[in-house]
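What follows is a short report on a single structure.
Keep in mind that the numbers below use all heavy atoms, side chains included, and drop hydrogens, waters and symmetry copies. A note on names: the letters A, B, ... follow the listed sequences, proteins ahead of strands, and every chain is numbered from 1.
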Protein chains: 2
Amino acid sequence: MLIGELAKMAGCEVETIRYYEKEKLLTAPDRSPAGYRHYRSEHLGELNFILHCRSLGISLAEIRQLADFRADPTLACEEINQLIDRHIKSVHQQVESLRLLEQQLQVLRQRCPQASDAAHCGILQTLVQAAEGEGCACHDSERSS
Amino acid sequence: MLIGELAKMAGCEVETIRYYEKEKLLTAPDRSPAGYRHYRSEHLGELNFILHCRSLGISLAEIRQLADFRADPTLACEEINQLIDRHIKSVHQQVESLRLLEQQLQVLRQRCPQASDAAHCGILQTLVQAAEGEGCACHDSERSS
DNA sequence: CTTGACCCTATAGTAGCTTCAGGGTGTGAA
DNA sequence: TTCACACCCTGAAGCTACTATAGGGTCAAG
(Lines give C-alpha, C1' and ligand atoms only; values in the text may rest on other atoms or scores of the structure.)
Protein backbone atom coordinates (compact mmCIF):
# COMPACT_ATOMS: atom_id res chain seq x y z
CA MET A 1 0.00 0.00 0.00
CA LEU A 2 1.44 3.37 -1.02
CA ILE A 3 1.22 6.47 1.14
CA GLY A 4 -1.67 7.95 -0.83
CA GLU A 5 -3.81 4.85 -0.33
CA LEU A 6 -3.01 4.72 3.38
CA ALA A 7 -3.97 8.37 3.68
CA LYS A 8 -7.25 7.72 1.94
CA MET A 9 -8.05 4.72 4.14
CA ALA A 10 -7.24 6.55 7.34
CA GLY A 11 -8.81 9.79 6.19
CA CYS A 12 -5.85 12.09 6.62
CA GLU A 13 -3.32 13.95 4.50
CA VAL A 14 -0.22 12.32 3.03
CA GLU A 15 1.91 15.04 4.64
CA THR A 16 0.48 14.21 8.04
CA ILE A 17 1.68 10.61 7.70
CA ARG A 18 5.18 11.70 6.71
CA TYR A 19 5.13 14.13 9.62
CA TYR A 20 4.19 11.38 12.11
CA GLU A 21 6.97 9.20 10.75
CA LYS A 22 9.49 12.02 11.16
CA GLU A 23 8.25 12.50 14.73
CA LYS A 24 8.73 8.76 15.36
CA LEU A 25 5.07 8.18 16.14
CA LEU A 26 4.67 5.85 13.19
CA THR A 27 7.18 3.07 12.51
CA ALA A 28 9.03 3.63 9.25
CA PRO A 29 7.78 1.31 6.48
CA ASP A 30 9.85 -0.61 3.94
CA ARG A 31 10.82 1.21 0.79
CA SER A 32 10.66 0.22 -2.86
CA PRO A 33 13.90 0.50 -4.90
CA ALA A 34 12.70 3.93 -6.02
CA GLY A 35 12.26 5.01 -2.40
CA TYR A 36 8.47 4.76 -2.22
CA ARG A 37 7.01 3.88 1.18
CA HIS A 38 5.13 0.56 1.30
CA TYR A 39 2.69 0.11 4.17
CA ARG A 40 1.01 -2.95 5.68
CA SER A 41 -2.13 -3.30 7.76
CA GLU A 42 -0.21 -2.81 11.04
CA HIS A 43 0.60 0.68 9.87
CA LEU A 44 -3.05 1.46 9.32
CA GLY A 45 -3.74 0.31 12.90
CA GLU A 46 -0.96 2.49 14.28
CA LEU A 47 -2.09 5.47 12.25
CA ASN A 48 -5.72 5.07 13.27
CA PHE A 49 -4.64 4.88 16.90
CA ILE A 50 -2.83 8.20 16.55
CA LEU A 51 -5.66 9.87 14.63
CA HIS A 52 -8.25 8.63 17.10
CA CYS A 53 -6.25 10.00 20.03
CA ARG A 54 -5.80 13.29 18.17
CA SER A 55 -9.56 13.49 17.65
CA LEU A 56 -9.82 13.30 21.44
CA GLY A 57 -7.45 16.26 21.66
CA ILE A 58 -4.57 14.22 23.06
CA SER A 59 -1.19 15.76 22.26
CA LEU A 60 1.50 13.99 20.28
CA ALA A 61 3.71 13.81 23.38
CA GLU A 62 0.90 12.07 25.26
CA ILE A 63 0.21 9.75 22.35
CA ARG A 64 3.88 8.80 22.42
CA GLN A 65 3.40 7.79 26.08
CA LEU A 66 0.28 5.79 25.28
CA ALA A 67 2.12 4.03 22.47
CA ASP A 68 4.79 3.03 24.99
CA PHE A 69 2.11 1.58 27.28
CA ARG A 70 0.70 -0.22 24.29
CA ALA A 71 4.13 -1.66 23.46
CA ASP A 72 4.87 -2.76 27.02
CA PRO A 73 1.61 -3.89 28.63
CA THR A 74 3.23 -4.84 31.93
CA LEU A 75 3.45 -1.17 32.83
CA ALA A 76 0.97 0.13 35.37
CA CYS A 77 -2.12 1.67 33.84
CA GLU A 78 -2.46 4.14 36.69
CA GLU A 79 -0.53 6.63 34.57
CA ILE A 80 -2.97 6.20 31.72
CA ASN A 81 -5.81 7.02 34.09
CA GLN A 82 -3.97 10.09 35.29
CA LEU A 83 -3.27 11.21 31.74
CA ILE A 84 -6.95 10.96 30.84
CA ASP A 85 -8.01 12.65 34.09
CA ARG A 86 -5.66 15.57 33.45
CA HIS A 87 -7.04 15.79 29.97
CA ILE A 88 -10.67 15.81 31.10
CA LYS A 89 -9.85 18.59 33.53
CA SER A 90 -8.20 20.79 30.94
CA VAL A 91 -11.00 20.24 28.43
CA HIS A 92 -13.53 21.13 31.09
CA GLN A 93 -11.70 24.36 31.83
CA GLN A 94 -11.59 25.22 28.15
CA VAL A 95 -15.34 24.64 27.85
CA GLU A 96 -16.05 26.92 30.80
CA SER A 97 -13.88 29.77 29.60
CA LEU A 98 -15.22 29.56 26.07
CA ARG A 99 -18.79 29.66 27.33
CA LEU A 100 -17.97 32.82 29.26
CA LEU A 101 -16.32 34.24 26.15
CA GLU A 102 -19.40 33.50 24.09
CA GLN A 103 -21.57 35.39 26.57
CA GLN A 104 -19.21 38.34 26.45
CA LEU A 105 -19.31 38.40 22.67
CA GLN A 106 -23.12 38.27 22.69
CA VAL A 107 -23.22 41.30 24.97
CA LEU A 108 -20.78 43.08 22.70
CA ARG A 109 -22.82 42.21 19.63
CA GLN A 110 -25.99 43.65 21.15
CA ARG A 111 -24.26 46.99 21.37
CA CYS A 112 -24.63 47.39 17.65
CA PRO A 113 -27.96 46.00 16.51
CA GLN A 114 -28.05 48.08 13.34
CA ALA A 115 -25.38 48.90 10.80
CA SER A 116 -24.39 52.53 10.43
CA ASP A 117 -20.86 53.89 10.16
CA ALA A 118 -17.92 53.08 12.36
CA ALA A 119 -18.15 56.45 14.14
CA HIS A 120 -21.43 55.31 15.68
CA CYS A 121 -20.68 51.61 15.92
CA GLY A 122 -21.56 50.44 19.41
CA ILE A 123 -19.15 47.54 19.24
CA LEU A 124 -16.18 49.69 18.36
CA GLN A 125 -17.13 52.26 21.00
CA THR A 126 -17.37 49.54 23.59
CA LEU A 127 -13.95 48.20 22.68
CA VAL A 128 -12.39 51.65 22.73
CA GLN A 129 -14.00 52.49 26.08
CA ALA A 130 -12.70 49.27 27.51
CA ALA A 131 -9.23 50.28 26.35
CA GLU A 132 -9.64 53.57 28.18
CA GLY A 133 -10.32 51.68 31.38
CA GLU A 134 -13.91 52.81 31.75
CA GLY A 135 -15.12 49.31 32.46
CA CYS A 136 -16.52 47.23 29.65
CA ALA A 137 -19.95 45.83 29.03
CA CYS A 138 -18.56 42.59 27.72
CA HIS A 139 -16.48 41.73 30.77
CA ASP A 140 -18.99 42.88 33.36
CA SER A 141 -20.18 39.34 33.88
CA GLU A 142 -16.70 38.41 35.10
CA ARG A 143 -16.88 40.83 37.97
CA SER A 144 -20.43 39.96 38.96
CA SER A 145 -19.69 36.23 39.01
CA MET B 1 7.07 56.08 30.16
CA LEU B 2 9.49 53.23 29.49
CA ILE B 3 8.44 49.85 28.14
CA GLY B 4 8.57 48.16 31.55
CA GLU B 5 6.18 50.70 33.07
CA LEU B 6 3.80 50.41 30.13
CA ALA B 7 3.84 46.63 30.48
CA LYS B 8 3.05 46.89 34.17
CA MET B 9 0.19 49.34 33.59
CA ALA B 10 -1.33 47.23 30.84
CA GLY B 11 -0.63 43.95 32.60
CA CYS B 12 1.35 42.22 29.90
CA GLU B 13 4.92 41.21 29.15
CA VAL B 14 7.53 43.58 27.76
CA GLU B 15 8.20 41.11 24.95
CA THR B 16 4.54 41.17 23.95
CA ILE B 17 4.69 44.95 23.45
CA ARG B 18 7.80 44.70 21.29
CA TYR B 19 6.11 41.92 19.36
CA TYR B 20 3.00 44.02 18.69
CA GLU B 21 5.20 46.88 17.50
CA LYS B 22 7.05 44.59 15.11
CA GLU B 23 3.69 43.35 13.84
CA LYS B 24 2.61 46.98 13.29
CA LEU B 25 -0.32 46.71 15.67
CA LEU B 26 1.15 49.32 17.97
CA THR B 27 2.51 52.61 16.59
CA ALA B 28 6.25 52.89 17.15
CA PRO B 29 7.08 55.31 19.98
CA ASP B 30 9.82 57.95 20.06
CA ARG B 31 13.24 56.81 21.16
CA SER B 32 15.71 58.31 23.62
CA PRO B 33 19.27 58.96 22.35
CA ALA B 34 20.20 55.58 23.82
CA GLY B 35 17.42 53.92 21.83
CA TYR B 36 14.96 53.40 24.68
CA ARG B 37 11.27 53.47 23.74
CA HIS B 38 9.29 56.32 25.33
CA TYR B 39 5.53 55.88 25.48
CA ARG B 40 2.66 58.28 26.03
CA SER B 41 -0.91 57.71 27.20
CA GLU B 42 -2.15 57.12 23.64
CA HIS B 43 0.05 54.08 23.52
CA LEU B 44 -1.53 52.69 26.66
CA GLY B 45 -4.95 53.12 25.03
CA GLU B 46 -3.82 51.36 21.88
CA LEU B 47 -2.26 48.53 23.84
CA ASN B 48 -5.30 48.07 26.07
CA PHE B 49 -7.48 47.94 22.97
CA ILE B 50 -5.35 45.11 21.58
CA LEU B 51 -5.19 43.22 24.88
CA HIS B 52 -8.93 43.55 25.43
CA CYS B 53 -9.66 42.21 21.96
CA ARG B 54 -7.20 39.36 22.55
CA SER B 55 -9.02 38.50 25.80
CA LEU B 56 -12.10 38.09 23.63
CA GLY B 57 -10.16 35.66 21.47
CA ILE B 58 -9.99 37.99 18.49
CA SER B 59 -6.99 37.26 16.26
CA LEU B 60 -4.27 39.79 15.52
CA ALA B 61 -5.37 39.94 11.88
CA GLU B 62 -8.89 40.83 12.98
CA ILE B 63 -7.61 43.37 15.49
CA ARG B 64 -5.69 44.99 12.66
CA GLN B 65 -9.02 45.37 10.81
CA LEU B 66 -10.74 46.81 13.86
CA ALA B 67 -7.89 49.27 14.30
CA ASP B 68 -8.44 50.43 10.72
CA PHE B 69 -12.12 51.01 11.48
CA ARG B 70 -11.08 52.92 14.55
CA ALA B 71 -8.71 55.06 12.51
CA ASP B 72 -11.26 55.82 9.78
CA PRO B 73 -14.69 56.11 11.42
CA THR B 74 -16.49 56.88 8.16
CA LEU B 75 -16.20 53.24 7.15
CA ALA B 76 -19.31 51.13 7.43
CA CYS B 77 -19.64 49.23 10.69
CA GLU B 78 -21.46 46.39 8.99
CA GLU B 79 -18.13 44.64 8.63
CA ILE B 80 -17.50 44.96 12.35
CA ASN B 81 -20.82 43.29 13.02
CA GLN B 82 -19.94 40.51 10.61
CA LEU B 83 -16.54 40.04 12.20
CA ILE B 84 -18.11 39.66 15.65
CA ASP B 85 -20.85 37.40 14.31
CA ARG B 86 -18.28 35.13 12.66
CA HIS B 87 -16.39 35.09 15.90
CA ILE B 88 -19.42 34.19 17.99
CA LYS B 89 -20.18 31.38 15.59
CA SER B 90 -16.70 29.90 15.76
CA VAL B 91 -16.57 30.16 19.56
CA HIS B 92 -19.96 28.48 19.74
CA GLN B 93 -18.74 25.62 17.55
CA GLN B 94 -15.66 25.24 19.72
CA VAL B 95 -17.81 25.05 22.84
CA GLU B 96 -20.03 22.40 21.31
CA SER B 97 -17.20 20.21 20.09
CA LEU B 98 -15.31 20.50 23.37
CA ARG B 99 -18.42 19.50 25.31
CA LEU B 100 -18.78 16.46 23.12
CA LEU B 101 -15.10 15.72 23.62
CA GLU B 102 -15.51 15.94 27.38
CA GLN B 103 -18.32 13.42 27.27
CA GLN B 104 -16.22 11.08 25.14
CA LEU B 105 -13.34 11.33 27.58
CA GLN B 106 -15.66 10.61 30.51
CA VAL B 107 -16.88 7.46 28.77
CA LEU B 108 -13.30 6.47 28.08
CA ARG B 109 -12.33 7.10 31.67
CA GLN B 110 -15.09 4.84 32.98
CA ARG B 111 -13.57 1.99 31.05
CA CYS B 112 -10.82 1.81 33.60
CA PRO B 113 -12.19 2.53 37.07
CA GLN B 114 -9.36 0.73 38.85
CA ALA B 115 -5.64 0.72 38.27
CA SER B 116 -4.07 -2.56 37.22
CA ASP B 117 -1.50 -3.10 34.49
CA ALA B 118 -1.62 -1.81 30.95
CA ALA B 119 -2.46 -5.27 29.58
CA HIS B 120 -5.83 -5.00 31.29
CA CYS B 121 -6.29 -1.28 31.03
CA GLY B 122 -9.76 -0.59 29.69
CA ILE B 123 -8.76 2.80 28.34
CA LEU B 124 -5.90 1.45 26.30
CA GLN B 125 -8.00 -1.44 25.03
CA THR B 126 -10.68 0.96 23.96
CA LEU B 127 -8.21 3.13 22.08
CA VAL B 128 -6.62 0.15 20.36
CA GLN B 129 -10.01 -1.29 19.41
CA ALA B 130 -10.99 2.05 17.95
CA ALA B 131 -7.82 1.98 15.87
CA GLU B 132 -8.82 -1.46 14.59
CA GLY B 133 -12.09 -0.06 13.36
CA GLU B 134 -14.29 -2.00 15.76
CA GLY B 135 -16.26 1.06 16.73
CA CYS B 136 -15.30 2.92 19.84
CA ALA B 137 -17.16 3.53 23.07
CA CYS B 138 -15.95 7.10 23.26
CA HIS B 139 -17.25 8.16 19.86
CA ASP B 140 -20.54 6.28 20.00
CA SER B 141 -22.37 9.39 21.08
CA GLU B 142 -21.44 10.99 17.75
CA ARG B 143 -23.30 8.37 15.81
CA SER B 144 -26.36 8.35 18.04
CA SER B 145 -26.69 12.14 17.94
C1' DC C 1 33.68 52.18 39.70
C1' DT C 2 30.90 48.58 40.38
C1' DT C 3 26.46 46.49 41.06
C1' DG C 4 21.92 45.64 39.60
C1' DA C 5 17.84 46.76 37.30
C1' DC C 6 16.51 47.91 33.29
C1' DC C 7 16.84 48.47 28.11
C1' DC C 8 18.22 46.91 23.10
C1' DT C 9 18.45 43.54 18.82
C1' DA C 10 18.29 39.31 16.45
C1' DT C 11 17.36 34.59 16.43
C1' DA C 12 15.25 30.27 17.70
C1' DG C 13 11.73 27.67 19.89
C1' DT C 14 6.74 26.13 20.84
C1' DA C 15 2.47 22.58 18.45
C1' DG C 16 0.87 20.34 14.70
C1' DC C 17 0.72 20.45 10.88
C1' DT C 18 0.63 22.75 5.71
C1' DT C 19 2.81 24.57 1.77
C1' DC C 20 6.44 25.15 -1.37
C1' DA C 21 10.41 24.38 -4.36
C1' DG C 22 12.61 21.30 -7.07
C1' DG C 23 12.93 17.00 -8.52
C1' DG C 24 12.08 11.58 -9.59
C1' DT C 25 8.74 7.44 -10.95
C1' DG C 26 5.29 4.80 -13.28
C1' DT C 27 1.54 4.11 -16.46
C1' DG C 28 -1.50 4.83 -20.34
C1' DA C 29 -2.28 7.05 -24.81
C1' DA C 30 -0.84 9.18 -29.43
C1' DT D 1 8.84 6.54 -28.27
C1' DT D 2 7.55 10.31 -26.36
C1' DC D 3 4.27 12.80 -23.92
C1' DA D 4 1.17 13.91 -20.24
C1' DC D 5 -0.30 13.22 -15.81
C1' DA D 6 -0.80 11.45 -11.36
C1' DC D 7 1.73 10.13 -7.96
C1' DC D 8 6.05 9.82 -5.06
C1' DC D 9 10.47 11.93 -2.71
C1' DT D 10 13.28 15.48 0.37
C1' DG D 11 14.24 19.58 2.86
C1' DA D 12 13.01 23.92 4.22
C1' DA D 13 9.87 27.56 5.24
C1' DG D 14 5.32 29.21 6.85
C1' DC D 15 1.42 29.50 10.06
C1' DT D 16 -0.26 31.80 15.27
C1' DA D 17 0.95 34.45 19.13
C1' DC D 18 3.96 34.65 21.66
C1' DT D 19 8.19 33.20 24.88
C1' DA D 20 12.95 32.44 25.64
C1' DT D 21 17.75 32.95 24.90
C1' DA D 22 22.21 35.03 23.73
C1' DG D 23 24.93 38.80 23.82
C1' DG D 24 25.22 43.24 24.55
C1' DG D 25 24.29 48.59 26.10
C1' DT D 26 22.43 52.29 29.69
C1' DC D 27 21.64 54.49 33.93
C1' DA D 28 21.27 55.64 38.75
C1' DA D 29 22.69 54.52 43.39
C1' DG D 30 26.21 53.38 46.69
Side-chain angles (χ1 to χ4, degrees), chain A residues 1-26 28-39 43 46-67 83 86-87 90-91 94 97-98 101, chain B residues 1-26 28-39 43 46-67 83 86-87 90-91 94 97-98 101:
Chain A
M1 179 171 29
L2 292 180
I3 198 168
E5 297 168 73
L6 180 65
K8 202 167 284 175
M9 289 180 78
C12 71
E13 298 293 317
V14 164
E15 290 78 16
T16 306
I17 297 174
R18 284 199 280 249
Y19 174 71
Y20 289 160
E21 181 182 329
K22 203 173 63 185
E23 293 297 308
K24 316 230 164 153
L25 277 155
L26 216 46
D30 292 339
R31 299 284 186 128
S32 76
Y36 285 23
R37 291 171 178 83
H38 283 275
Y39 294 95
H43 291 106
E46 265 183 69
L47 180 55
N48 277 334
F49 178 79
I50 299 168
L51 293 172
H52 186 72
C53 290
R54 289 293 301 135
S55 81
L56 292 170
I58 298 172
S59 72
L60 296 186
E62 289 173 324
I63 294 172
R64 216 167 270 132
Q65 279 182 48
L66 289 175
L83 191 155
R86 272 202 310 278
H87 203 64
S90 93
V91 169
Q94 279 181 63
S97 66
L98 281 172
L101 176 57
Chain B
M1 179 171 31
L2 292 179
I3 198 168
E5 298 169 73
L6 180 65
K8 200 167 288 174
M9 289 180 77
C12 71
E13 299 293 318
V14 164
E15 290 78 15
T16 306
I17 296 174
R18 285 199 279 248
Y19 174 71
Y20 288 161
E21 180 182 329
K22 203 173 63 184
E23 292 297 308
K24 315 230 166 156
L25 277 155
L26 217 46
D30 292 339
R31 300 282 188 129
S32 76
Y36 285 24
R37 290 172 179 83
H38 283 275
Y39 294 95
H43 291 107
E46 265 183 69
L47 179 56
N48 277 334
F49 178 79
I50 298 168
L51 293 172
H52 186 71
C53 290
R54 289 293 301 134
S55 80
L56 292 169
I58 298 173
S59 72
L60 296 186
E62 288 173 323
I63 294 173
R64 214 167 269 131
Q65 280 182 47
L66 289 175
L83 192 155
R86 271 202 310 278
H87 204 63
S90 94
V91 169
Q94 279 180 63
S97 65
L98 281 172
L101 175 57

Just the atom pairs and distances: protein N or O near nucleotides 6-9 of chain C's N or O, under 3.5 Å.
from	atom 1	to	atom 2	distance (Å)
C:dC7	OP1	B:Gly4	N	2.6
C:dC8	OP1	B:Arg37	N	3.0
C:dC8	OP1	B:Arg37	NH1	2.7
C:dC8	OP2	B:Arg18	NH1	2.4
C:dC8	OP2	B:Arg37	NH1	3.4
C:dC8	O5'	B:Arg37	NH1	3.4
C:dC8	O3'	B:Arg31	NH1	3.4
C:dT9	OP1	B:Arg31	NH1	3.2
C:dT9	OP1	B:Arg31	NH2	3.0
C:dT9	OP2	B:Arg37	NH1	3.2
C:dT9	OP2	B:Arg37	NH2	2.9

Using atom names, set out every protein N or O paired with an N or O of nucleotides 18-20 of chain C below 3.5 Å, distance rounded to 0.1 Å.
from	atom 1	to	atom 2	distance (Å)
C:dT18	OP2	A:Thr16	OG1	2.9

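Rounding to whole angstrom units, CG of residue A:Leu51 and C1' of C:dG16 are separated by 12 Å. A:Leu25 places its CG atom 12 Å from the C1' atom of C:dA15, with the value rounded to the nearest Å. Note: NE2 (A:His38) to C1' (C:dT25) measures 11 Å, nearest angstrom. Residue B:Arg54 contributes atom CZ, which lies 10 Å from atom P of D:dT19 at whole-angstrom precision. The separation between A:Arg64 atom CZ and C:dG16 atom C1' is 11 Å, rounded to whole Å. Rounded to an integer number of Å, the gap from B:Ile17 CD1 to D:dC18 C1' is 13 Å.
Residues satisfying the ring pair (Phe, Tyr, Trp, His ring centres under 6.0 Å) criterion with B:His52, sequence neighbours excluded, are A:His139. Listed by chain and residue number, nothing satisfies the side chain to side chain contact (heavy atoms under 4.5 Å, CB included) test with B:Ala67 (two or more places apart in sequence, or in another chain). Taking A:Leu2 as the reference, A:Glu5, A:Tyr36, A:His38 meet the side chain to side chain contact (heavy atoms under 4.5 Å, CB included) condition, with sequence neighbours excluded. B:Glu21 pairs by the salt bridge (charged side-chain N to carboxylate O under 4.0 Å, His left out) definition with B:Arg31, B:Arg37, not counting sequence neighbours. Residues satisfying the side chain to side chain contact (heavy atoms under 4.5 Å, CB included) criterion with A:Tyr19, sequence neighbours excluded, are A:Glu23, A:Leu60. For A:Ser32, the side chain to side chain donor-acceptor pair (under 3.5 Å) test picks out no residue, with sequence neighbours left out. When the ring pair (Phe, Tyr, Trp, His ring centres under 6.0 Å) test is applied to B:Tyr39, the partners found at least two apart in sequence or on another chain are B:His43. Considering only residues two or more places apart in sequence or on other chains, A:Gln94 meets the side chain to side chain donor-acceptor pair (under 3.5 Å) condition with none of them. Contacts of B:Arg18 classified as salt bridge (charged side-chain N to carboxylate O under 4.0 Å, His left out), with partners at least two apart in sequence or in another chain: none.
Within the 4.0 Å cut-off from OP1 or OP2 of D:dC18, at least one side-chain nitrogen or oxygen of B:Tyr20 is found.
Among the atoms of the strands shown, only primed sugar atoms or phosphate atoms (P, OP1, OP2) are found under 4.0 Å from some heavy atom of A:Ser59.
Counting non-hydrogen atoms of neighbouring residues, nucleotides and ligands closer than 6.0 angstrom, the CE atom of B:Met1 exceeds 12 such neighbours.
Here the side chain of B:His87 pairs no donor or acceptor atom with the backbone of B:Glu62 at under 3.5 angstrom.
If one axis is set at each end of the helix from C:dC1-D:dG30 to C:dA30-D:dT1 from five pairs, those axes are 30° apart, to 10°.
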